[in-house]
**Student:** 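Let me give you the structure first, and then I'll get to my questions.
Ligands are counted one by one from 1 in listed order, and the atoms in each one are counted from 1 as well. From a predicted model like this one, the values you see are computed outputs, not experimental measurements. Counting begins at 1 with the first residue of the sequence.
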Amino acid sequence: MRADFFGPQGDTRWNLERLRASYPTFEHHELDIRDREKVVALVRQLRPGAIVHTAAQPSHDLAAKRPFDDFDVNALGTLNLLESVRLACPESPLVHMSTNKVYGDRPNTIRLRELATRWEFDDPAYADGIGEDLSIDQSKHSVFGASKVAGDVMVQEYGRYFDLPTCALRGGCLTGPHHSGVELHGFLSYLIRCNLEARTYRIFGYKGKQVRDNIHSHDVVEFMRRFIEAPRAGEVYNLGGGRANSISILEAFELIESISGKPMRYEYVDQHREGDHICYISNLQKMKTHYPGWAITRDLKSTFSEIHASWVGRIENAPGLVLSP
Ligand SMILES: NC(=O)c1ccc[n+]([C@@H]2O[C@H](COP(=O)([O-])OP(=O)(O)OC[C@H]3O[C@@H](n4cnc5c(N)ncnc54)[C@H](O)[C@@H]3O)[C@@H](O)[C@H]2O)c1
């Protein structure tokens with residue numbers, strides 16, 4: 001589906017092959033999450049001890065072009081999985097990847113101040129970032145954000161109403177060396193690839209000072225593991241890199257240039273993406289309170305370096321792709 005959504009550059013089959021080669025016990029079942037009967041049958045057959053649900057149409061911009069596909073995968077696909085789990089293994093913890101886009105553009109109503117290279121919250125209530133108590137109602141979500149709200153609320157409901165051990169992780173920017181970033185999705189991975197290949201990166205609005213907090217996939221998976229070991233029912237968590245791992249596009253250019261030694265080429269488009277956040281930093285307090293052993297272990301510099309090294313390896317091994325001089 002990813003190659004269908006994003007074209008061959010977004011295909012993740014290389015990573016599937018990597019998993020098959022690296023882990024002999026890894027099993028892959030080719031299945032469309034929209035296919036209700038097959039999802040129910042597979043979950044019934046496997047009765048998994050834990051479920052991490054990451055299948056999605058993950059892009060804002062694409063959702064507006066393909067709203068049926070977006071809703072069918074993100075909302076109905078999530079319901080298919082939840083109901084399958086309730087029927088076959090209601091005791092198994094289910095972690096759902098939601099998104100901070102469930103807050104719509106409400107974060108843009110927080111007072112901001114403009115610094116030299118980034119936007120910053122100008123309200124002490126958000127000094128540590130945005131918490132889970134921000135309203136998800138009555139804001140502009142984009143079609144993608146709205147389909148993810150449906151999935152997120154269903155995950156909560158299966159926890160609250162049916163008492164299933166579920167949680168929805170409202171991700172900020174999740175990334176890592178194996179991310180296949182494309183212009184529409186996967187900002188750091190794509191930005192670093194552009195730097196390596198001397199491609200022009202397009203900044204969409206907000207002067208390039210828009211801020212995101214980035215979390216390495218290792219820290220994401222660590223949190224999932226802790227939730228699965230000691231699950232709660234119907235929880236939501238804002239999952240991001242927190243203030244220490246926040247960066248603007250302009251600052252990201254500087255950091256990758258210092259790692260790769262190559263100048264960043266970019267152009268500015270004076271139109272921000274629909275519903276895009278100006279400044280988003282996750283408040284990690286609830287995660288840390290519920291799971292005190294969990295913390296961010298990878299800083300931005302090491303995450304950038306890992307992504308950079310991975311792209312160098314992938315590009316060198318991909319015929320037809322050339323590194324910039
Ligand atoms: N990467 C991020 O920065 C980020 C941020 C917030 C939330 N999330 C959420 O995390 C989850 C994973 O995101 P990602 O960045 O890994 O995206 P991704 O596109 O890399 O992964 C989604 C996967 O779902 C699969 N998929 C799509 N349609 C499917 C279908 N019909 N049936 C089965 N599988 C299908 C795709 O093939 C792909 O492998 C998504 O729910 C996304 O909304 C990601």
Side-chain angles (χ1 to χ4, degrees), residues 1-19 28-39 42-43 51-63 66 68-81 84 94-103 107 130 141-152 154-155 167-191 212-221 223-224 236-241 245-247 276-277 280 282 303 307:
M1 255 336 250
R2 206 172 190 278
D4 173 29
F5 286 145
F6 299 119
Q9 301 264 337
D11 198 344
T12 47
R13 280 190 188 275
W14 68 275
N15 201 19
L16 177 59
E17 293 315 319
R18 187 187 66 86
L19 291 169
H28 177 74
H29 299 261
E30 185 95 23
L31 198 71
D32 190 325
I33 199 161
R34 295 171 296 182
D35 189 332
R36 185 165 294 163
E37 281 170 20
K38 286 199 179 142
V39 174
L42 183 68
V43 175
I51 300 99
V52 176
H53 170 33
T54 65
Q57 188 302 105
S59 157
H60 266 287
D61 301 306
L62 203 63
R66 297 174 62 172
F68 285 134
D69 289 340
D70 177 76
F71 198 84
D72 286 349
V73 174
N74 291 350
L76 294 179
T78 300
L79 177 61
N80 290 345
L81 194 56
S84 307
L94 183 146
V95 177
H96 166 64
M97 275 314 307
S98 182
T99 169
N100 62 19
K101 303 298 182 309
V102 299
Y103 297 116
I130 293 171
H141 291 83
S142 82
V143 172
F144 161 74
S147 69
K148 293 293 284 189
V149 165
D152 183 301
M154 268 301 180
V155 168
C167 75
L169 304 182
R170 296 176 171 169
C173 284
L174 321 174
T175 193
H178 302 126
H179 206 172
S180 294
V182 287
E183 187 177 34
L184 292 184
H185 177 62
F187 126 82
L188 269 192
S189 170
Y190 177 70
L191 184 149
R212 300 287 180 271
D213 61 329
N214 300 274
I215 181 168
H216 191 290
S217 45
H218 172 85
D219 291 333
V220 172
V221 172
F223 185 81
M224 290 171 169
V236 298
Y237 298 100
N238 287 353
L239 173 77
N245 277 357
S246 68
I247 195 164
D276 206 17
H277 294 151
Y280 193 95
S282 316
T303 302
I307 298 174

**Student:** Of all the heavy-atom pairs spanning S147 and A75, show the shortest one and how long it is.
**Tutor:** O-CB, 3.8 Å
**Student:** Need the list: ligand 1 N/O atoms against protein N/O atoms, distance under 3.5 Å, rounded to one decimal.
**Tutor:**
from: ligand 1; atom 1: 1 (N); to: L174; atom 2: O; distance (Å): 3.2
from: ligand 1; atom 1: 3 (O); to: L174; atom 2: N; distance (Å): 2.8
from: ligand 1; atom 1: 3 (O); to: L174; atom 2: O; distance (Å): 3.3
from: ligand 1; atom 1: 15 (O); to: H185; atom 2: NE2; distance (Å): 2.8
from: ligand 1; atom 1: 19 (O); to: R2; atom 2: NE; distance (Å): 2.7
from: ligand 1; atom 1: 20 (O); to: R2; atom 2: NE; distance (Å): 2.7
from: ligand 1; atom 1: 24 (O); to: A56; atom 2: N; distance (Å): 3.1
from: ligand 1; atom 1: 31 (N); to: D32; atom 2: OD1; distance (Å): 2.8
from: ligand 1; atom 1: 32 (N); to: I33; atom 2: N; distance (Å): 2.9
from: ligand 1; atom 1: 37 (O); to: R2; atom 2: N; distance (Å): 3.4
from: ligand 1; atom 1: 41 (O); to: M97; atom 2: O; distance (Å): 3.2
from: ligand 1; atom 1: 41 (O); to: K148; atom 2: NZ; distance (Å): 2.7
from: ligand 1; atom 1: 43 (O); to: K148; atom 2: NZ; distance (Å): 3.0

**Student:** List in chain and number order the residues that pass ring-ring contact (aromatic ring centres under 6.0 Å, His included) with H141, two or more places apart in sequence or in another chain; answer none if no residue qualifies.
**Tutor:** none
**Student:** What pairs with D276 under salt bridge (charged side-chain N to carboxylate O under 4.0 Å, His left out), at least two apart in sequence or on another chain?
**Tutor:** R212
**Student:** In chain order, what residues pass the ring-ring contact (aromatic ring centres under 6.0 Å, His included) check against H216, with sequence neighbours excluded?
**Tutor:** none
**Student:** Hey, is K38 close enough to D32 for a salt bridge, meaning N to O under 4.0 Å?
**Tutor:** no
**Student:** Starting from the C-alpha separation in whole Å, work towards a yes-or-no answer on salt bridge (Lys or Arg N to Asp or Glu O under 4.0 Å) for R66 and D4.
**Tutor:** CA-CA 12 Å; R66 297 174 62 172; D4 173 29; 3.0 Å; yes
